[in-house]
**Student:** 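Below is one structure. I have some questions about it.
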Amino acid sequence: MKILIDKIAHNHSATVDELEQILSDSECDEYLFSIADQVRHDSVGDAIHIRGLIEFSNYCKNNCCYCGIRKGNGNLPRYHLSVDEIIALAEKAKNYGYQTVVLQSGEDLSFDMNKMEKIIKGIKALDLALTLSIGEKTFEEYKAYFDFGADRYLIRIETTDKDLYHELDPGMSWENRHRCLCDLKKIGYETGSGCMVGLPKQTLRSIANDILYFKSLPVDMCGIGPFIPHPDTPLKDAKGKEFILSLKTMALTRLLLPKINIPATTAMETLYENGRVKALQSGANVVMLNVSDSDDRQLYNLYPNKAGSTGNTITLKNDFLEKVRQIGRTISTTKGSARDN
Ligand code: SAM
């Protein structure tokens with residue numbers, strides 16, 4: 001197995017059988033993590049890019065079976081921020097020294113083109129890099145956001161198993177999600193995707209195919225996180241919580257795509273006390289730290305006990321900086337574009 005991991009790390013390519021074999025074997029997990037850490041060091045360096053995360057709306061028109069902010073969850077109080085509140089949070093991120101903000105929300109149709117123009121231009125006037133993560137849009141909408149100044153866009157494919165996707169995302173189409181990723185790349189965004197690991201009925205082979213999908217696009221950024229069941233969703237009794245398998249999927253993605261940006265995801269931190277640090281030592285080079293107010297953070301309730309949903313945002317930042325110091329890594333002083341890697 002170690003020889004196979006070395007070969008993949010050297011060639012940055014693998015077959016679906018090889019990836020499945022590594023995912024199914026637990027003997028060399030620590031070896032895989034250490035090799036992914038080495039590839040990360042050699043390819044993108046030791047600096048960690050901090051993104052300031054603004055979760056600006058938990059309204060969503062979709063009904064994804066795994067997601068706590070799905071339209072059908074009647075137990076969740078809904079909120080959305082105003083244009084001025086969003087720009088003020090971006091300013092706060094800038095004052096914290098963060099050079100990129102990530103705007104994330106459910107698919108909230110009240111954020112029309114007029115509002116998006118004000119938000120994007122307002123944030124770009126602060127000289128920040130801007131990532132959007134607001135779901136499926138038309139080519140024309142993506143192009144308009146890009147022309148307003150948005151730099152990057154994240155949209156996870158969730159799973160490449162089309163049947164599973166259609167089962168878990170009722171009323172949505174896998175082909176349309178794939179179309180979104182192709183349009184974003186065509187327009188010129190730094191494009192991020194990713195998947196959840198540990199979904200019901202998801203096989204190791206399908207996870208191996210997810211990794212090959214990221215390579216085939218290829219993505220510039222890739223967020224991989226464990227699925228965590230939410231009590232107010234149809235998947236409340238599912239098992240999920242596959243921390244190690246998520247970490248292995250992320251580490252293998254690093255071997256195949258050495259120069260991309262890979263976040264240590266919040267879902268990893270949620271499942272395991274130092275999950276984010278473990279991820280940063282297993283191939284990741286990015287973290288997203290929330291800058292929203294505590295009340296809103298708690299309502300952006302994708303899954304229970306989401307890390308960083310309580311407490312002061314300065315404390316979140318300082319705690320993280322201390323952990324970075326302890327593992328001997330540095331904080332990036334650039335905007336952290338994957339294109340500079
Ligand atoms: N609406 C946008 C979209 O669809 O891309 C962005 C927001 S969406 C809530 C962000 C991500 O949260 C999803 O892509 C999904 O992978 C993740 N997510 C949702 N529910 C989750 C759960 N129960 N466990 C882990 N991740 C979850």
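First listed ligand is number 1; within each ligand, the first listed atom is number 1.
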**Student:** Show me which atoms of ligand 1 lie under 4.0 Å from any heavy atom of Y300.
**Tutor:** 7 (C), 9 (C)
**Student:** Determine, step by step, whether D183 and R179 satisfy the salt bridge (Lys or Arg N to Asp or Glu O under 4.0 Å) criterion, reporting the C-alpha distance in whole Å, the side-chain angles of both residues, the deciding distance to 0.1 Å, and the verdict.
**Tutor:** CA-CA 6 Å; D183 282 356; R179 188 271 308 158; 2.8 Å; yes
**Student:** Show the atoms of ligand 1 that are less than 4.0 angstrom away from any heavy atom in Y303.
**Tutor:** 21 (C), 22 (C), 23 (N), 24 (N), 25 (C), 26 (N)
**Student:** Can you pull out the closest protein heavy atom to atom 24 (N) of ligand 1? Residue, atom name and distance to 0.1 Å, please.
**Tutor:** I228 N, 3.0 Å
**Student:** Please tell me whether N341 and N261 have a donor and an acceptor in their side chains that are separated by less than 3.5 angstrom.
**Tutor:** yes
**Student:** Return the residue, atom name and 0.1 Å-rounded distance of the protein heavy atom closest to atom 17 (C) of ligand 1.
**Tutor:** R156 NH1, 3.8 Å
**Student:** Should the heavy atoms of other residues, nucleotides or ligands under 6.0 Å from NZ of K215 be counted, would the total exceed 12?
**Tutor:** yes
**Student:** Considering only non-hydrogen protein atoms, determine which one is nearest to atom 16 (O) of ligand 1 and report residue, atom name and distance to 0.1 Å.
**Tutor:** E158 OE1, 2.7 Å
**Student:** With heavy atoms under 4.0 Å as the rule, classify the contact between P229 and ligand 1 as side chain, backbone, both or neither.
**Tutor:** neither
**Student:** I want to know if ligand 1 touches S105 in the polar sense, i.e. an N/O pair below 3.5 angstrom.
**Tutor:** yes
**Student:** Considering heavy atoms of the protein only, find what lies nearest to atom 18 (N) of ligand 1 and give residue, atom and distance to 0.1 Å.
**Tutor:**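 Ranked first by proximity to atom 18 (N) of ligand 1 is M196 SD, 4.0 Å.
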**Student:** At under 4.0 Å between heavy atoms, which part of P226 makes contact with ligand 1: side chain, backbone, both or neither?
**Tutor:**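 The answer is the backbone.
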**Student:** Is there a nitrogen or oxygen of Y66 sitting under 3.5 Å from a nitrogen or oxygen of ligand 1?
**Tutor:**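 Yes, Y66 has an N/O under 3.5 Å of an N/O on ligand 1.
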**Student:** Report the part of E136 (side chain from C-beta onward, or backbone N, CA, C, O) that has a heavy atom under 4.0 Å from ligand 1; answer both or neither where that applies.
**Tutor:**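 Within the 4.0 Å criterion, E136 makes no contact with ligand 1.
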**Student:** Closer than 4.0 angstrom: is that true for some heavy atom of G225 and an atom of ligand 1?
**Tutor:** no
**Student:** Counting each atom of ligand 1 from 1 as listed, which ones have a heavy atom of C67 under 4.0 Å away?
**Tutor:**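 So the atoms of ligand 1 that pass are 9 (C), 19 (C), 20 (N).
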**Student:** Does ligand 1 have an atom under 4.0 Å from some heavy atom of C64?
**Tutor:**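 Heavy atoms of C64 never come under 4.0 Å of ligand 1.
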**Student:** Assess Y153 for proximity to ligand 1: is some non-hydrogen atom of it under 4.0 Å away?
**Tutor:** no
**Student:** Would you mind running through ligand 1 and noting each atom that sits below 4.0 Å from a heavy atom of L302?
**Tutor:**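 The atoms of ligand 1 under 4.0 Å from a heavy atom of L302 are 9 (C), 12 (O), 20 (N), 23 (N).
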**Student:** Test of understanding: given a 4.0 Å heavy-atom threshold, classify the contact between S133 and ligand 1 as side chain, backbone, both, or neither.
**Tutor:** both
**Student:** Testing the basics here: between I157 and H178, what is the closest heavy-atom pair and its distance to 0.1 Å?
**Tutor:**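 Looking at all heavy atoms of both residues, the shortest contact is CD1-N, 3.9 Å.
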**Student:** Are L199 and I244 linked, directly or through intermediate hydrophobic residues, by side-chain heavy-atom contacts shorter than 4.5 Å (ILVMFWY only)?
**Tutor:** no
**Student:** At a 4.0 Å cut-off, with the gap strictly under it, does some heavy atom of R177 reach an atom of ligand 1?
**Tutor:** yes
**Student:** Are the aromatic rings of Y303 and H230 close, with centres under 6.0 Å apart?
**Tutor:** no
